[in-house]
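First, the structure itself, so that you have it in front of you.
Any value given below was found using the heavy atoms of this structure, including those in side chains, with hydrogens, waters and symmetry copies removed. Throughout, protein chains are lettered first and strands after them, A, B, ... in sequence-line order, and every chain is numbered starting at 1. Note that the structure is a prediction, hence the values are computed from the model and not measured.
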Amino acid sequence: MAAVFRKMYSSPAMSVTSRVIAALLGGYVLATAAGIAVAAWLPGEKHNGVIAGMLLTFTFWAGAVIWCFATRTAVRAWLGLLLVSGLLVAISAARGWIA
Amino acid sequence: MSSAELGTGHFRQSMNWLHTWAGLVLGWLLYFMFLTGTLGYFDEEIDRWMKPEIVAVAPTLSHVELVSLGETYLKTHAEGASEWWVGLPTSRDTSLSVSWKTAIDPDTQEGGAWVTQYLDTATGEASDARDTGGGQTLYRMHYALHYMPAVIAYVITSLAAFFMLMALITGIVIHRRIFTDLFTFRPGKRQRSWLDMHNIMSVLPLPFHLMITYSGLVFLMFTTMPGVVQSQYADNSEFFAAVFSEPSHEAAGQSAASLGMGELAAIAGQHWDDVVFAHVGIKHPGDQNAVAEVYKAGFDDILDAPILRINAVSGEILDESKPDRGPAAGVYEVLVHLHEGLFANTGLRWLYFLSGMLGTGMIATGMILWTSKRRQRLGKRGIAGRGLVFVEKLNAGAIAGLLVAVAVYFWANRLLPLDLDGRAAREVDALFIALGLCLFYPLMRTVQRAWIELLGLAAVLFALLPVLNALTTSHNLASSIGNQDWIMASMDFSFVCTGLILAYAAIRLWRRQHQSKPAIKSVNRERGERSKSHNASGDSSYDPSRDTSEVTS
């Protein structure tokens, strides 16, 4: 089973498809998580932090896309996104624990 | 799709792959967005051309006189409306207009619609302006598309803008000699020439391309990035109230005699030391809480000019400055204004237009480059695959076809019967029917013939617009100049210039086709004759359907 999966996953077409999904969907989730982290931590009025977070989402998304296509394998692309997204969620959550 | 460039660990190669595909996948949509958006920088000027019945305002009338004229019309035709507005002539719009918001019936909840009329200052009556989408509809399409709910369109156009952003970033990464290439153009070298043109159109206005793409994404971020708002607010409307709210003045429900709009405009004129206004309005006219709002024509640099609010009963000035909503909201406002370019004067407006056209050209040359690279790679032996031929045909149909379609939109404005039901919507239908036909047209022709014929058609359609204008309205180039109706004259003149530029492109392509023998009639025949034609095609031209020889560098 694992062998079949590995073979299917190592095909170039599969790798490209996986990277594209990671870049678009995974990247979007990461960007939203980054925007939320900025909104949660930026001092000043709440709505101002939200706007700042939203303004930056596209920069984070673009960074995520570059990562997805620059890295050696599609699996690494996904792992990187998961790691950073998890970190960002933790950062946002930490704001709640402190306050 | 070839993915040999991915997973090699070479950053630049990976980014090259990403540049190629991010650019191609939504390239045609981006071309549509860039072209219609760029035309939007002259939306009011296009409006003027498409509403030929509007009478240009005589420059002898003062603001106060014009506002009073508008008020007289509103009093007789818009009794009971919840808002009255008078639109004054500005440098980009020589008309006097009145608009009102019809009262909402408390029982049926009907009403609340906006009505606009253009006034003839000689008679004080409304000009019978034709029902048209004008420049506004054309410009709205670049983000709201057409025939679909706005929210869906926003998601699609935002996604396209994000692909554009990726194409720009990766384009910068893969560009080794970004400065040198700015001064490199090698004409007559087929694929190299397309590459050089693509580079020049991309690099020279690169700051514009990055600004317009990022600010376009920012424009729609409230729709596309809702998660950030939801994370901080239990109720979204709380956030939007904090960001967008204007001071609101409710109607008291008791009538009171208010000052005339002309008097209110005079108060604003004194307060602002005779600045030029664009709009003077009154909310809840005839009510005890009636409030006048006065908008300046133009901006305070790039930021919104303050709006003056006046108590319409007492004439007391209520407030002037805009509420400060914080630094991030300020950045948002600047980005949005940079995108719209409404603050730009005539010179800067033309620079916006030129940059936008270079962006449109960047996309078009990028799409052509995609095909020419693959033609080149095929070399002598190659037979073009279906994908390549499909992209070549779609390029011709979409790139040249949209130019035809925009011209058809203007033709429809003059040719559709004036009393046609839903006339404005039919104009847009004409645009998309023309675009649809142009997309199919290359299927019946060779790619190069489709290019020549569609470009030629667009050239003729544009160049003849002033003739059509002269035949169907009382406006022609000479009379417009005589009446000092500069906007009408400039539009006609620009149409002729557009026609000439397109004609030049079509003739150049046609000459090249006829210089290089043998002429090839169809893709099928081309396959059979490929070896012969290769030897004969020693001309120094690239043509999308037949470029088989290697680039000499």
Check the pair Q230(B), I36(A) against side chain to side chain contact (heavy atoms under 4.5 Å, CB included), reporting the backbone distance first and the verdict last. CA-CA 9 Å; Q230(B) 280 158 7; I36(A) 291 171; over 6 Å; no
Just wondering, do W21(B) and V16(A) contact through their side chains at under 4.5 Å, heavy atoms? no
Of F239(B), F162(B), Y332(B), the largest count of non-hydrogen pairs under 4.5 angstrom with chain A goes to F162(B)
Segment of T32(A) engaging chain B (4.5 angstrom heavy-atom cut-off): both
Counting heavy-atom pairs under 4.5 Å with chain A, which one of T224(B), V331(B), I169(B) comes out on top? T224(B)
What's the shortest heavy-atom distance between R325(B) and E45(A), and which atoms? O-OE1, 4.4 Å
Close side-chain approach of I51(A) to M221(B), heavy-atom, < 4.5 Å: yes
Heavy-atom contact with chain A under 4.5 Å, split by part of M166(B): side chain
Is the number of heavy atoms from other residues, nucleotides or ligands under 6.0 Å of R140(B) CZ greater than 12? no
Taking atom CZ of F244(B) as the centre, does the number of heavy atoms from other residues, nucleotides or ligands within less than 6.0 Å exceed 12? yes
What pair of heavy atoms forms the shortest contact from S14(B) to F69(A), and how long is it? CB-O, 3.3 Å
Which region of A40(A), side chain (C-beta onward) or backbone (N, CA, C, O), has a non-hydrogen atom less than 4.5 Å from a non-hydrogen atom of chain B, or is it both or neither? both
Between chain B and each of T73(A), V65(A), L55(A), T57(A), count heavy-atom pairs under 4.5 Å; write down the option with the most. L55(A)
Against chain A, label Y214(B) side chain, backbone, both or neither, depending on which of its atoms sit under 4.5 Å from a heavy atom there. side chain
Scored by heavy-atom pairs under 4.5 Å with chain B, the best of L24(A), T59(A), V38(A) is T59(A)
Separation of F58(A) CZ from M225(B) CE (nearest 0.5 Å): 4.5 Å
Can you say whether M15(B) sits under 4.5 Å from chain A via the side chain, the backbone, both, or neither, judging by heavy atoms? side chain
Shortest non-hydrogen pair, A62(A) vs L165(B), comes out as CB-CD2, 4.4 Å
Could you check whether any side-chain heavy atom of F240(B) comes within less than 4.5 Å of a side-chain heavy atom of H47(A), counting everything from C-beta outward? no
How far does CD of Q232(B) sit from CZ of R95(A), to the nearest 0.5 angstrom? 9.0 Å
In terms of heavy-atom pairs under 4.5 Å, which option from A39(A), G44(A), A77(A) contacts chain B the most? A39(A)
With a 4.5 angstrom heavy-atom cut-off, which part of L217(B) approaches chain A: side chain, backbone, both or neither? both
Contact summary for N48(A) and P327(B), nearest pair of heavy atoms: ND2-CD, 3.2 Å
Using heavy-atom distances under 4.5 Å, tell me whether F163(B) contacts chain A through its side chain, its backbone, both, or neither. side chain
How far apart are the closest heavy atoms of V50(A) and V228(B), and which atoms are they? O-CG1, 3.8 Å
